[in-house]
> 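Let me give you the structure first, and then I'll get to my questions.
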Amino acid sequence: MAAGTVDRADDPSGEPLADPARRARLQALLLAWYHRTARDLPWRGDADPWAVLVSEAMLQQTQVARVVPIFASFMARWPTAPALAAAPAGEVVAAWQGLGYNRRALRLHRAATVITSEHGGTVPEDLGVLQRLPGVGAYTARAVAAFAHGLAVAPVDTNVARVLARLHGRALSRAAAQERADALVPDRDPGAWGQALMELGARVCTARTPRCDECPVAPMCAWRGQGPDPAASSAHRSRPQARFEGSDRQVRGRLVQALRERPVPGPELSAAAGEPDAERVRRLADALVAEGMAEWDADALRLPR
DNA sequence: AATCCGGGGGA
DNA sequence: TCCCCAGGATT
């Protein structure tokens with residue numbers, strides 16, 4: 001080592017993991033912890049690309065515990081993209097019950113249609129092609145590429161962004177987080193690495209009450225729970241939402257839930273949605289129709305065929 | 001950059 | 001109650 005070379009461990013530039021040796025140590029520590037303690041989730045391991053895509057669509061803004069049982073029944077019913085593409089969109093929306101964000105069901109159905117008609121029924125490997133699928137953004141495209149196809153890319157979700165900000169001890173923009181994540185991807189089993197980072201964020205390096213005393217990579221962490229949380233001012237953090245009680249989202253949700261059970265005649269929509277303002281219900285019903293979430297059948301609203 | 005989109009669980 | 005959740009699309 002040349003005289004005067006800075007010790008990257010104390011590099012004030014904010015790149016504490018730029019040193020290859022430190023990077024390798026971080027990878028070794030985290031992967032060892034992951035292989036020792038990982039939850040056995042149905043889409044991990046040798047899951048096929050379609051299963052990975054389905055799981056990632058379901059996991060968008062939705063906790064693992066809620067996805068697991070629905071994922072199982074969904075995959076049993078539609079084991080391939082062509083199988084899902086052949087189903088009526090309304091049945092997919094019905095099967096989405098319990099997950100929320102029902103538009104994801106429509107988008108997944110549309111993605112299955114594209115995969116079937118344009119990609120021979122096989123989930124694409126190319127990042128750009130993946131990201132062009134409905135409902136597939138920067139995160140999901142990389143998740144599928146890494147987890148299903150073994151590509152050396154780094155999916156950055158809310159967990160990974162938080163972990164990286166804390167490891168580096170500084171707030172990270174969206175682009176900066178992706179850059180740091182890319183720089184850390186190991187050549188061997190990049191999928192496991194991505195899973196390990198998310199697992200750490202989900203179980204140890206949590207948003208609210210991080211368990212730094214149990215963290216396998218605490219020795220490599222610039223933050224360690226001391227002082228202001230660098231993740232708090234980073235991109236990817238959850239945004240405050242409008243109040244749900246009384247919102248359009250709530251009424252929409254009730255409307256779609258009612259349609260899962262049966263078509264609802266127009267005059268009964270208000271009662272079915274538990275919303276006395278009939279004009280409001282009509283507006284929301286029309287919006288559902290406009291985006292393909294429902295259809296008018298004579299005088300009744302129903303899920304699309 | 002802000003909003004919209006669901007709904008449930010944890011602190 | 002408030003906050004968070006393996007985000008993406010639209011405006």
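The chains referred to below are lettered A, B, ... by the order of the sequence lines, with proteins before strands, and numbering in each begins at 1.
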> Mind checking if A/Arg239 touches a base, just sugar-phosphate, or nothing, with heavy atoms under 4.0 Å?
nothing
> Taking atom C1' of B/dG6 as reference, at what distance in whole Å does atom CG of A/Leu288 sit?
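About 13 Å, once rounded to whole Å.
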> Please collect all salt bridge (Lys or Arg N to Asp or Glu O under 4.0 Å) contacts where either partner lies in residues 107-133 of chain A, sequence neighbours excluded, each pair once.
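For residues 107-133 of chain A, and leaving out neighbouring residues, there are no salt bridge (Lys or Arg N to Asp or Glu O under 4.0 Å) pairs at all.
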> Scan residues 71-88 of chain A for pairs that pass salt bridge (Lys or Arg N to Asp or Glu O under 4.0 Å), counting only residues two or more places apart or in two chains.
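Residue pairs passing salt bridge (Lys or Arg N to Asp or Glu O under 4.0 Å), neighbours aside: A/Arg77-A/Glu91.
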> Any base atoms under 4.0 Å from A/Thr206, or only sugar-phosphate, or nothing? Heavy atoms, all strands.
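Result for A/Thr206 = nothing.
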> Taking ring-ring contact (aromatic ring centres under 6.0 Å, His included) as the cut-off, I'd like each qualifying pair that reaches into residues 40-88 of chain A, sequence neighbours left out, listed once.
A/Trp43-A/Phe71, A/Phe74-A/Trp78
> With a non-hydrogen cut-off below 4.0 angstrom, is A/Arg39 in contact with a base, only sugar-phosphate, or nothing?
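Touches a base.
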> What pairs with A/Gln61 under side chain to side chain donor-acceptor pair (under 3.5 Å), at least two apart in sequence or on another chain?
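Scan of A/Gln61 (side chain to side chain donor-acceptor pair (under 3.5 Å), adjacent residues dropped) gives none.
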> Tell me: CD of A/Gln195 to C1' of C/dA6, nearest whole Å?
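Rounded to the whole Å, the gap is 8 Å.
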> Write down the distance separating the P atoms in C/dA6 and B/dC5, rounded off to the nearest Å.
22 Å
> Which value, in whole Å, describes the distance between the P atoms of nucleotides C/dG8 and B/dG8?
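My reading of the P atoms in C/dG8 and B/dG8 gives 23 Å.
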> Does A/Trp43 reach a base, just sugar-phosphate, or nothing at all? Heavy atoms under 4.0 Å.
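Answer is base: heavy atoms of A/Trp43 come under 4.0 Å of a base.
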> Between the side chains of A/Gln257 and A/Arg260, is a donor N or O closer than 3.5 angstrom to an acceptor N or O?
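Indeed, the side chains of A/Gln257 and A/Arg260 share at least one donor-acceptor pair under 3.5 Å.
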> Can you list the residues that meet the side-chain contact (heavy atoms from CB on, under 4.5 Å) rule with A/Ala89, with sequence neighbours excluded?
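In terms of side-chain contact (heavy atoms from CB on, under 4.5 Å), with neighbours along the sequence ignored, A/Ala89 is linked to A/Leu106, A/His109, A/Pro304.
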> Whole Å only: how far is the CG atom of A/Asn102 from the C1' atom of C/dG7?
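After rounding, the gap between these two atoms is 15 Å.
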> All N/O contacts under 3.5 Å from nucleotides 9-11 of chain C to the protein, with atom names and distances to one decimal?
{"from": "C/dA9", "atom 1": "OP1", "to": "A/Gly135", "atom 2": "N", "distance (Å)": "2.9"}
{"from": "C/dA9", "atom 1": "O4'", "to": "A/Arg107", "atom 2": "NH2", "distance (Å)": "3.4"}

> Applying side-chain contact (heavy atoms from CB on, under 4.5 Å), can you list everything that pairs with A/Thr62, at least two apart in sequence or on another chain?
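Residues passing side-chain contact (heavy atoms from CB on, under 4.5 Å) with A/Thr62: A/Arg66, A/Val67, A/Leu99, A/Arg104.
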> Take atom CE of A/Met293 and atom C1' of C/dG8, then tell me their distance rounded to the nearest Å.
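Roughly 13 Å, once rounded to whole Å.
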> Represent DNA chain B in dot-bracket notation, 5' to 3'. Only Watson-Crick or G-U wobble pairs with both distances under 3.5 Å count; pseudoknot-style crossings use [ ] and interstrand partners use |.
|||||.|||||
> Would you indicate what A/Ala143 reaches in the nucleic acid, counting non-hydrogen atoms under 4.0 angstrom: base, sugar-phosphate, or nothing?
nothing
> Look at the side chain of A/Asp157 and decide which nucleotide, out of B/dG6, C/dA6, C/dG8, has an atom nearest to it.
C/dA6
> Using a cut-off of 4.0 Å on non-hydrogen atoms, how would the nucleic acid contact of A/Ala138 be classed: base, sugar-phosphate, or nothing?
sugar-phosphate
> For the residue pair A/Arg203 / A/Asn159, report whether a side-chain donor-acceptor contact shorter than 3.5 Å exists.
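No - no donor-acceptor pair under 3.5 Å links their side chains.
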> Using atom CZ of A/Arg104 as one end and atom P of B/dC4 as the other, report the distance to the nearest whole Å.
19 Å
> If I take atom CZ in residue A/Phe71 and atom P in nucleotide C/dA6, what distance separates them, rounded to the nearest angstrom?
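It works out to 16 Å between those atoms.
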> For the side chain of A/Asp248, starting at C-beta, report the closest nucleotide among C/dG8, B/dC5, C/dA6.
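When the side chain of A/Asp248 is considered, B/dC5 is the closest of C/dG8, B/dC5, C/dA6.
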> Is A/Arg252 salt-bridged to A/Glu275, cutoff N-O under 4.0 Å?
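No salt bridge links A/Arg252 with A/Glu275.
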> With no hydrogens and no angle check, just 3.5 Å: does a side-chain donor-acceptor pair link A/Tyr139 and A/Gln60?
no
> For C/dC5, take OP1 and OP2 only and decide whether either is under 4.0 Å from a side-chain N or O of A/Thr62.
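For C/dC5, OP1/OP2 do not have a side-chain N/O of A/Thr62 under 4.0 Å.
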> If you restrict it to nitrogen or oxygen atoms, what contacts under 3.5 Å exist between nucleotides 8-11 of chain B and the protein, and what is each distance?
{"from": "B/dG8", "atom 1": "N2", "to": "A/Gln63", "atom 2": "NE2", "distance (Å)": "3.0"}

> Does A/Arg162 have a side-chain nitrogen or oxygen under 4.0 Å from the phosphate oxygens OP1 or OP2 of C/dC5?
yes
> Restricting to side chain to side chain donor-acceptor pair (under 3.5 Å), what partner residues turn up for A/Asp182, sequence neighbours left out?
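A/Asp182 satisfies side chain to side chain donor-acceptor pair (under 3.5 Å) with A/Gln178 only.
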> Tell me every residue that passes salt bridge (charged side-chain N to carboxylate O under 4.0 Å, His left out) with A/Arg174, counting only those two or more places apart in sequence or in another chain.
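Once residues adjacent in sequence are excluded, A/Arg174 has no partner under the salt bridge (charged side-chain N to carboxylate O under 4.0 Å, His left out) criterion.
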> Within this structure, what is the CD-to-P distance between A/Glu291 and C/dG8, rounded to whole angstrom?
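Checked: the CD to P distance equals 18 Å.
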> Donor-acceptor pairs under 3.5 angstrom involving side-chain atoms of residues 218-232 of chain A: please list them, not counting sequence neighbours.
{"from": "A/Trp223", "atom 1": "NE1", "to": "A/Gln226", "atom 2": "O", "distance (Å)": "3.0"}
{"from": "A/Trp223", "atom 1": "NE1", "to": "A/Gly227", "atom 2": "O", "distance (Å)": "3.2"}
{"from": "A/Trp223", "atom 1": "NE1", "to": "A/Pro228", "atom 2": "O", "distance (Å)": "3.2"}
{"from": "A/Arg224", "atom 1": "NE", "to": "A/Ala218", "atom 2": "O", "distance (Å)": "3.1"}
{"from": "A/Arg224", "atom 1": "NH1", "to": "A/Cys221", "atom 2": "O", "distance (Å)": "3.4"}
{"from": "A/Arg224", "atom 1": "NH2", "to": "A/Cys221", "atom 2": "O", "distance (Å)": "3.4"}
{"from": "A/Asp229", "atom 1": "OD1", "to": "A/Arg166", "atom 2": "NE", "distance (Å)": "3.1"}
{"from": "A/Asp229", "atom 1": "OD1", "to": "A/Ala231", "atom 2": "N", "distance (Å)": "2.8"}
{"from": "A/Asp229", "atom 1": "OD2", "to": "A/Arg166", "atom 2": "NE", "distance (Å)": "3.4"}
{"from": "A/Asp229", "atom 1": "OD2", "to": "A/Arg166", "atom 2": "NH2", "distance (Å)": "2.7"}

> Checking contacts here: which listed nucleotide (C/dC5, B/dC5, C/dA6) is nearest the side-chain heavy atoms of A/Leu41?
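It is C/dA6.
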> How many Å lie between CG on A/Leu99 and C1' on B/dC5, as a whole number?
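After rounding, the gap between these two atoms is 14 Å.
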